[in-house]
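Take a look at the structure set out below.
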Amino acid sequence: MPRYIKSLLPFLLSFYCFIPQLEATPSAVPDARVTIDSLTLSLEHIDVSSKQHSEVSRELGKLYYKQRDYNNALHYFQRALKAAQRIGDDWWVAQSHYDIGRTKLSTSDYQSAITNCSVSMEICDRRSYLSLWLKNSRKIASSYVALGDYEQSHEYLLQALEVLGKENDREGMVPIYYEMGNSYFFQEQYEKALEAYQKALALPKDPKKAGYQNFDCTSAIGSVFSRQEDQEQSLVYNKRALQLAQELGYDRGIAHAKFNLAEDYLELKEYNKALAYYEQAKQSMEEINYEYGLIGCFLGMGRLLNETEQYDHALNYLRSAEGMAERIQNKSLTKDVYEALAINYERTKQADLAASYRVKHNNLKNSLINEETAKMLETKEARLEIQKLKREQQMLMLKKEAEIQSLQKYFLAATGFFLLLMLGLGFSRYRTEQRTNRILEEKNAEISLQNQQLARSNRDLKQFAYITSHDLKQPLRTIGGYASLVKRRYSDRPLDASANEFLDHITNAVDRMYTLLSDVLAYSSIEKSEDEAQVVSTADLIQQVLSDLNSQIQDSSAIVEVADDMPIIMGKKGQLSQLFQNLISNAIKFRGENQPMVNVNCRAFEEEYLFSVKDNGIGIDPQYWDTIFAPFKRLHGQADYDGSGIGLSICQKVVEQHNGRMWLDSSEEQGTTFFFSIPKDKTILEEMASGKAKAAETSSAEEQSMIALPGTMALS
């Protein structure tokens, strides 16, 4: 198999196996249900403003977290936070924010995880809550690695190492070196990653965590050898990792180890073994609801099917992996999916799609591997080593001073003076820290107030845009009316040419301004719309749109083709109608010399519908693809094409209102295709399936009736 796509997935899965095991073992508590029921019952009789309420809520959250029921876990952790805030207990507030942060990390909500853990760190005092402070550092670093921000991740890891070095806590360094290996691994610095993992593996460990930590480090080392194309060594470590996971009864680790073995056998072209391990890993990950692992299995199976020339099946797996990877916003994983899709389209001779995904892959890859960032990380690590040497030198100097003082007793007076001086400096430092803390509290309060003011300003701005665009129409109508009145009143007394020209300019300007205000009103009204979502037949909706556009279609002799299998979806009918009308109207408006051809299509995937509106018009230069959806963005003058430039902005906002995404693909003078997705509504699918089943039963019953009564027709 060509070495075109040595995926980061084995390591990524190893990294995510490591996240939950520090606070929760993978096995469920045997009597967890009984414990949850009893605690839930007791919580109803506890004062919500008491410390006990916070403690019991947190215990419930921990039990649900161990069962990977993250929604219920978040519910009770948030109740614990509210109770802690009511009684003003800083430790419980910090602990609750940490619990919420690590749960968000387990659900791949990385930004929320960073926010909650950062709040917890701000409350924590390293001297009083050192253990909690270090836990927050690790979670924030893990989140930044997942988001591809390795500089930020490295910053937190270096701070943690510095603190652990001062405390001489070697056990605490194990997860820090592991995370540091993750950071190097994602930047393709494999020798440094291997060194960090081996340090973590060699350090002494807490007996309660040693088994899981040894598994994670062993699995990560196997991933490094895989990236270095040493499959034999990778197999050795991955088989050892599987054995460790089985001994621990670690279900997520077992699933991950099987996935890694599948990746190794795929690289060795042993496709049957690879497929068997992929299937086992996929089944295990579905059982434990491990979404991140499922993405890896979909991508791996897609790559395998590409290699065995089963391109249609491969595309199904890869598109599923694409949707899931983009939704959890993991850049490294999304990059690999883009490359696999590009290869699939290249081999099936779909050049446009292949080129599009190559561009996406290269852009994402360049954003992840940045030489300046790597140099900056090396500089920071060197700074940590220098600080370590300085501390060692200071310790040696203090030791020598102590020896000299013990030999020269006549310096006791000077020593006493030195101690007094140190006390004075300590008191001065204490005063400085107090002032600094007070200033920080004031600044935090100012920032909080500014954030509130900014949110209020944004709301006021939206309201202002709505009111302004609505109310300004009346004076515009008055201006236009008086201009028309002047022309009619003096029609029998002709004005000079300049006066008529000026009146025409006024009328035209009023019309353009009125149109512009109507567009602003439409744009600002999208989020204010009170229309409720309903079942919408897109086939019927598009036919109504084409009826409304009949005049434009007839004038331009355009041909509009609509696919036969347009779906039924859940959405806001008025907004969806505006979406299709804007796209089809633009496709006809921005036409070239050829007869306008517009194609409206839809493809169904596992989680969403992918709609497309394709034309053969003038196309769009790639340099404008990122800005074309901005409000009032026009690529042509008013004399060339009319309009305000807000139509595509409205389209994008409508798609976002329906939890979808929108993009385009275009070539100048060859046409443009706009794509947008709408998530599937499972209720509609179930009702449609039920309706088909009932119809089949009714039909079958009628047939049986006719068979049972053959003479009925003749008698009648």
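Considering only residues two or more places apart in sequence or on other chains, Gln198 meets the side chain to side chain contact (heavy atoms under 4.5 Å, CB included) condition with Leu194, Ile221. Under the side chain to side chain contact (heavy atoms under 4.5 Å, CB included) criterion, Asp352 pairs with Asp665, not counting sequence neighbours.
Between Gln623 and Asp621, the side chains place a donor N or O and an acceptor N or O closer than 3.5 Å (distance only, hydrogens not considered). Between the side chains of Ser226 and Asn260, not a single donor N or O lies within less than 3.5 Å of an accepting N or O. Side-chain atoms of Ser585 and Gln552 include a donor-acceptor pair closer than 3.5 Å. In summary, the side chains of Glu322 and Thr334 do not present any donor paired with an acceptor at a separation below 3.5 Å, with no hydrogens or angles considered. Glu263 and Tyr278 are linked by a side-chain donor-acceptor pair at a separation below 3.5 angstrom, with hydrogens and angles left out of the test. Looking only at atom types and distance, the side chain of Tyr177 has no donor-acceptor partner in the side chain of Glu195 under 3.5 Å away.
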Please walk me through it: do Tyr190 and Phe185 pass ring pair (Phe, Tyr, Trp, His ring centres under 6.0 Å)? CA-CA 6 Å; Tyr190 303 121; Phe185 186 97; 5.6 Å; yes

Carefully, step by step, assess Asp264 and Asn238 under the rule side chain to side chain donor-acceptor pair (under 3.5 Å). CA-CA 9 Å; Asp264 285 334; Asn238 286 329; 2.7 Å; yes

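Gln280 contributes atom CD, which lies 11.5 Å from atom CE of Met285 (distance to the nearest 0.5 angstrom).
Taking 4.0 Å as the cut-off between side-chain N and carboxylate O, Glu326 and Arg661 count as a salt-bridged pair. In this structure, Glu561 does not pair ionically with Lys614, as no charged nitrogen and carboxylate oxygen lie closer than 4.0 Å.
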Using a 3.5 Å cut-off and no angle test, enumerate the donor-acceptor pairs between side-chain atoms of residues 666-674 and protein atoms at least two apart in sequence or in another chain.
| residue | atom | partner | partner atom | Å |
| --- | --- | --- | --- | --- |
| Ser666 | OG | Ile620 | N | 2.7 |
| Ser666 | OG | Gly671 | O | 3.1 |
| Ser666 | OG | Thr672 | OG1 | 2.8 |

